Amino acid sequence: MTAALAVVVFITAYLLIATERVHRVTAALGGAAIVAAFGVVGAHEAFFSPDTGIDWNVIFLLFGTMVMVGVIKQTGLFEYLAILAAKQARARPYRIMLLLCILTAGASTVLPNVTIVLLVAPVTLLVCDRIGVAPVPFLIAEALAANIGGTATLIGDPPNLIIGSRGDLSFTDFLFNLAPLVAVLTIAFLVMCRWIFRADLVYDPSRVDAVMALEEREAIRDAALLVRCLVLLALVTLGFVFSKPLGTEPSIVALVGAWLMVLASGLQPKDFLDEVEWETLVFFMGLFVIVGALVESGVIDRLSETVIDAIDGRYFLAASGLLWGSALLSAVVDNIPYVATMAPLVANLAHAAPDPQTGNALWWSLALGADLGGNATAIGAGANIVVIGIAARNGYRIGFWQFTRYGVVVAFVTVAISWPYIWLRYFALA
Amino acid sequence: VPVLAKDIAEPFPTVTLDTNAYEAAKLLAGRRLPGLIVIDAEQHPVAILPGSQVLNFAIPRYVQDDPRLAQVYDERAADELCAKLETRTVREVLPAKELRELEVVDGRATVMEVAAVMARQHSPVIAVIEKERVIGAITVSHLLNHILPQR
């Protein structure tokens, strides 16, 4: 009975989230309330259990990085870097796109990619206006770059936070396993940009002066604050890297980092708390409880047994299925709820694997599939939705298919490159 | 004897929806007006064009959202932003909502009624009509002169 209720609530919540019939936060919160009210999960399972409850490591890691971004936003760093990039490129559209994508992908490895596009997109609109080109291809390219760059680290893309926490994978694990591949994917993506956006990248020499006249230094009001923030960001990144040897969690590092940045900036609570995306945090909490109900009622265990039987020791097949299946599903549903659902299933599969290396290959397949598959459509990832929102606010409409016709190419190519990487690194050469 | 809207309404320049936006902005600037009354071909008021809306149109949303971006523009770039008004009409500068929700006051309205409408609309100026024709307008400053206690 409880299993049936957990499944019904899960499917209903998913349908509501996917069809946007109700706000995704309302759907997640409603689902959590129902499974809790009917006793599928109790207070202990919902709030305190590491297996079935709200993952506070994920919540506080997100919260801490959001506060840090809120402080860094005050420095004008991204405005400075983006305008500097445009000037270095001397108004040549492809070079500007290249540099802005490198900036976005690079920054998305140390801060959440959704917040990075929030910082880079406005200055991109300004730069495009100055060089006289349509900003839409640049904005789409930045969302795609943010999703690729964010794949590299534990904190880059929200699905990775869940994977890291549920799979007990550290920042360094992500760095060693995914960052080398992401570097290759980024290069491939930048080459692809030249081809897929070629019609929009028209250079107008008469616009060079308009770009060179921009005063990037004026974007930085408080140089001392910028220096303090950069030092703290470097320390926080080191904290993420060494969190496991230090015996702490990335969430604690993020929390301490956020506190130090708030101290360094002197911002008032209202100012830095305004930058926290509370909707996202509540959405995560609701999802954890809904998926926790599936775990608690035994649905995930039964599903895992069926899948393990079906795999029958063929783990490369399982990894391939996870990679391509996740890419496909993340294209049509938001990759955050998808990964939240898959995490307990993959945890069981990884646990049943013959060795930790093979088990981890399943986690990396899930991460790559979900993160890169999120590029395929306009609704696949948070960064895509944010960019489309900023464009609309500024009078540029990015339609679902307009995004998708670029995104699907990039998602397919990047997943196709990832597949042999998984095979070579975790199976053929293991 | 209560003071009525028609008693304090002043002659006020009007523009049409097809007036060039740059010309409208020049009129606002030249006569230091808080806004303009927009009328249709039958002389009926259809909207108020506040000066802030002209700025809202000229200054890109991303600059309004991120004040740091305003600092990176030089003077020439600022001129270029405002120059885009030259190719637009008042109709294009006005948000659709402004055209749907214009509130005017009748000439027989009391100053408190006028004040209530202006407060609700957050409008710096309001058109006063009689027999569906604009007979003048009342600005916020003019209205305040009448309702502030004299000390």
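It should be emphasised that the depicted structure is a prediction, and the values quoted were computed from it without experimental measurement. A, B, ... follow the sequence lines: proteins, then strands. Residue 1 opens every chain.
- Other residues, nucleotides and ligands contribute at most 12 non-hydrogen atoms within 6.0 Å of the CE atom of B:M112.
- Looking at B:Y62 and A:D129, their side chains come closer than 4.5 Å, going by heavy atoms from C-beta outward.
- No salt bridge links B:D66 with A:K73; every basic N to acidic carboxylate O contact stays at or beyond 4.0 Å.
- Contact of A:R221 with chain B is made through the side chain alone, with heavy-atom distances under 4.5 Å.
- Residues A:T75 and B:R68 share a closest heavy-atom pair of C-CD, 4.4 Å.
- Atom CZ of B:R108 has 12 or fewer neighbouring heavy atoms from other residues, nucleotides or ligands inside a 6.0 Å radius.
- With a 4.5 angstrom heavy-atom cutoff, A:I83 touches chain B only via side-chain atoms.
- Atom CZ of B:F12 is surrounded by more than 12 heavy atoms from other residues, nucleotides or ligands within 6.0 Å.
- Contact of A:R130 with chain B is made through the side chain alone, with heavy-atom distances under 4.5 Å.
- Open room surrounds NZ on B:K26; 12 or fewer heavy atoms of other groups in view lie less than 6.0 Å from it.
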Check against side chain to side chain contact (heavy atoms under 4.5 Å, CB included), A:L126 and B:Y73: CA-CA 10 Å; A:L126 183 147; B:Y73 281 101; 3.5 Å; yes
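- The number of heavy-atom neighbours closer than 6.0 Å to OH of A:Y396, taken from other residues, nucleotides and ligands shown, is 12 or below.
- The residue among A:I390, A:L214, A:N394 with the most heavy atom pairs within less than 4.5 Å of chain B is A:N394.
- Sparse packing is recorded around CZ of A:R90, with 12 or fewer heavy atoms of other residues, nucleotides or ligands lying under 6.0 Å away.
- Under a cut-off of 6.0 angstrom, the local environment of CH2 in A:W278 is crowded, with over 12 non-hydrogen atoms contributed by other residues, nucleotides or ligands.
- Without hydrogens or angle criteria, A:E79 side chain to B:L69 main chain gives no donor-acceptor distance under 3.5 Å.
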When you look at A:R393 and B:D65, which way does the side chain to side chain contact (heavy atoms under 4.5 Å, CB included) test go after all the steps? CA-CA 10 Å; A:R393 196 169 152 74; B:D65 290 343; 2.8 Å; yes
